[in-house]
Amino acid sequence: MPTDALVLAPVVLAVVLVVSAVGKLRAPSASAEAFRDLRVPAALSGSLVVQALPWVEIALALGLVALGGLPGAAAAVATLVLFAAYLVLVVRALGFDEDVECACFGEFAPGRISRRTVVRNAWLVALAAVGVAAQSPSVLTRIADGLLPWWWLAGAVAAAITTWLVVGGSSAAVPTVEPTAYADEEGDYVRYRTPALPIMLGDGSTSTLRALSAERPQLLLYVSDWCSSCHDVVEAVPRWRELLGPVDVRLVLADAPSETALTSADEPQSLHDTERLLNESFGMRRTPSAILLGADGLLAGGPVVGHDDVLEFVEAIAVELGVAR
């Protein structure tokens, strides 16, 4: 059996594991929300598990390429078990009543779980199964001994398919109208001018972000019906409106008014970003997110992304207004 040709399976898996780990480490709140949205059993979704997962992925990546013999086989089997568990979770999530958004690769590949997600994860499971058979001797040993013939071509094809399934196939990007860096070199918040982005209101009329914030500050909360991490945020809106008095607290949704149960035509109306202009312009590609527009025509705070960060952001606004409880 040309096992040397299979050596790229653990190499590709190691790259995927490292990308996944780095994405989780760069957006830790996304991992916690993913566990919650996927309804991972409580015994497997504690804070220690969430914090340890990216480091486990990095350790497995190192084991796949550096270890041979029984240790290498153990790393390969553990990788297979991990990817199989991921596959079970996404297949299970497709059966939920609501759609589920999962930052499976941290901040690198957020999005709704779909059949494509299942295909991607099934492919990774298949590669992990191949990797179990390609671990003795280790990848590094084979490279050092020059035991990698033309079968590298087959491995390259596998790498290309894996890359496309993991990060490819995304929709066309929407042009941004403002930079998404909101701090200067000293770490001070930079107040860019509020863009005149068109936005639809809950009653079907249209306006712009600049026009909405011309008289009153606007706290925009980007949420969705199918994001379980958004439930606390949505439920807190009436309380926040009372607490933040002079600030209009508005829900922002990617769906048209007729397509979501969160639509409101009562002031302050819900906003509907059907063209994804707002979330692309401000980099709020995951729910829940929040941003504060000042009544002086400048950004006043944010954007922030993630359940915990949104709650802390609102509390900071309340402190600034002197109304914190």
Side-chain angles (χ1 to χ4, degrees), residues 29 33 176-183 189-203 205-225 227 229-255 257 260-274 276-325:
S29 62
E33 291 163 17
T176 60
V177 297
E178 293 285 351
T180 56
Y182 296 95
Y189 187 79
V190 179
R191 300 192 65 202
Y192 293 111
R193 188 181 185 194
T194 301
L197 286 177
I199 197 79
M200 181 180 294
L201 280 70
D203 62 4
S205 61
T206 58
S207 184
T208 68
L209 294 186
R210 190 176 299 167
L212 287 174
S213 61
E215 297 182 0
R216 289 169 58 88
Q218 305 288 313
L219 174 59
L220 307 184
L221 303 170
Y222 210 99
V223 298
S224 67
D225 301 82
C227 163
S229 299
C230 298
H231 293 171
D232 293 343
V233 173
V234 173
E235 290 177 358
V237 166
R239 176 168 55 85
W240 289 347
R241 285 173 174 164
E242 180 181 355
L243 178 65
L244 302 180
V247 178
D248 283 345
V249 181
R250 298 180 185 265
L251 296 181
V252 183
L253 304 119
D255 299 310
T260 170
L262 297 177
T263 297
S264 173
D266 297 327
E267 292 295 344
Q269 298 185 51
S270 56
L271 304 180
H272 300 267
D273 184 30
T274 56
R276 309 295 178 102
L277 296 175
L278 189 152
N279 73 336
E280 289 290 341
S281 294
F282 295 123
M284 302 192 302
R285 298 182 179 87
R286 187 165 52 83
T287 55
S289 303
I291 193 167
L292 180 65
L293 310 180
D296 58 359
L298 302 175
L299 302 187
V304 297
V305 180
H307 173 274
D308 295 342
D309 289 341
V310 170
L311 298 185
E312 293 176 4
F313 183 54
V314 175
E315 180 65 21
I317 295 172
V319 170
E320 187 69 21
L321 294 174
V323 295
R325 296 176 181 175

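Along the sequence shown, the residues carry numbers beginning at 1.
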Item to check | Step-by-step side chain to side chain contact (heavy atoms under 4.5 Å, CB included) determination, I199 to T208 | outcome: CA-CA 5 Å; I199 197 79; T208 68; 5.8 Å; no
Specify the closest pair of heavy atoms between [X] and [Y], including all atoms of both residues, with the distance to one decimal.
X	Y	answer
G202	T263	O-CG2, 3.7 Å
P198	L277	CG-CD1, 3.8 Å
R193	L298	CA-CD2, 3.6 Å
L253	S270	CD1-CB, 4.1 Å
P288	C230	N-SG, 3.7 Å
L292	V247	CD1-CG1, 4.1 Å

State which residues pass side-chain contact (heavy atoms from CB on, under 4.5 Å) with [X]; sequence neighbours excluded, sorted by chain then number.
X	value
A265	D203, Q269
A316	none
A236	R239, W240

Item to check | Backbone N/O of S213 and side chain of E215: donor-acceptor pair under 3.5 Å | outcome: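 Between the backbone of S213 and the side chain of E215 there is no qualifying donor-acceptor contact (under 3.5 Å).
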Taking the side chain as everything from C-beta on, heavy atoms only, tell me whether [X] gets closer than 4.5 Å to [Y].
X	Y	answer
F282	S289	no
L219	F313	yes
D273	Y222	yes
L262	V234	yes
L212	L293	no
L251	L271	no

Item to check | Pair T260-H272, side chain to side chain contact (heavy atoms under 4.5 Å, CB included): steps then yes or no | outcome: CA-CA 10 Å; T260 170; H272 300 267; 3.9 Å; yes
Checklist entry - Is the shortest side-chain N to carboxylate O distance from E267 to R241 below 4.0 Å? => result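 No salt bridge links E267 with R241.
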Checklist entry - What do the steps show when you test L321 against L244 for side chain to side chain contact (heavy atoms under 4.5 Å, CB included), and what is the final call? => result CA-CA 8 Å; L321 294 174; L244 302 180; 4.0 Å; yes
Checklist entry - Is there a donor in the side chain of D232 and an acceptor in the side chain of H307, or the other way round, less than 3.5 Å apart? => result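 There is such a pair between these side chains.
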Item to check | Partner of V249 by side chain to side chain contact (heavy atoms under 4.5 Å, CB included), out of L220, L221, V314 | outcome: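 Going through the options one by one, the only one that passes is L221.
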Next on the checklist: So, taking the atom named OG in S264 and the one named CZ in R250, what distance separates them when rounded to the nearest 0.5 Å?
Outcome noted: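 CZ of R250 is found 9.5 Å from OG of S264.
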Item to check | Between CG on residue D248 and CD on residue Q218, distance to nearest 0.5 Å | outcome: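 Result: 4.5 Å between the selected atoms.
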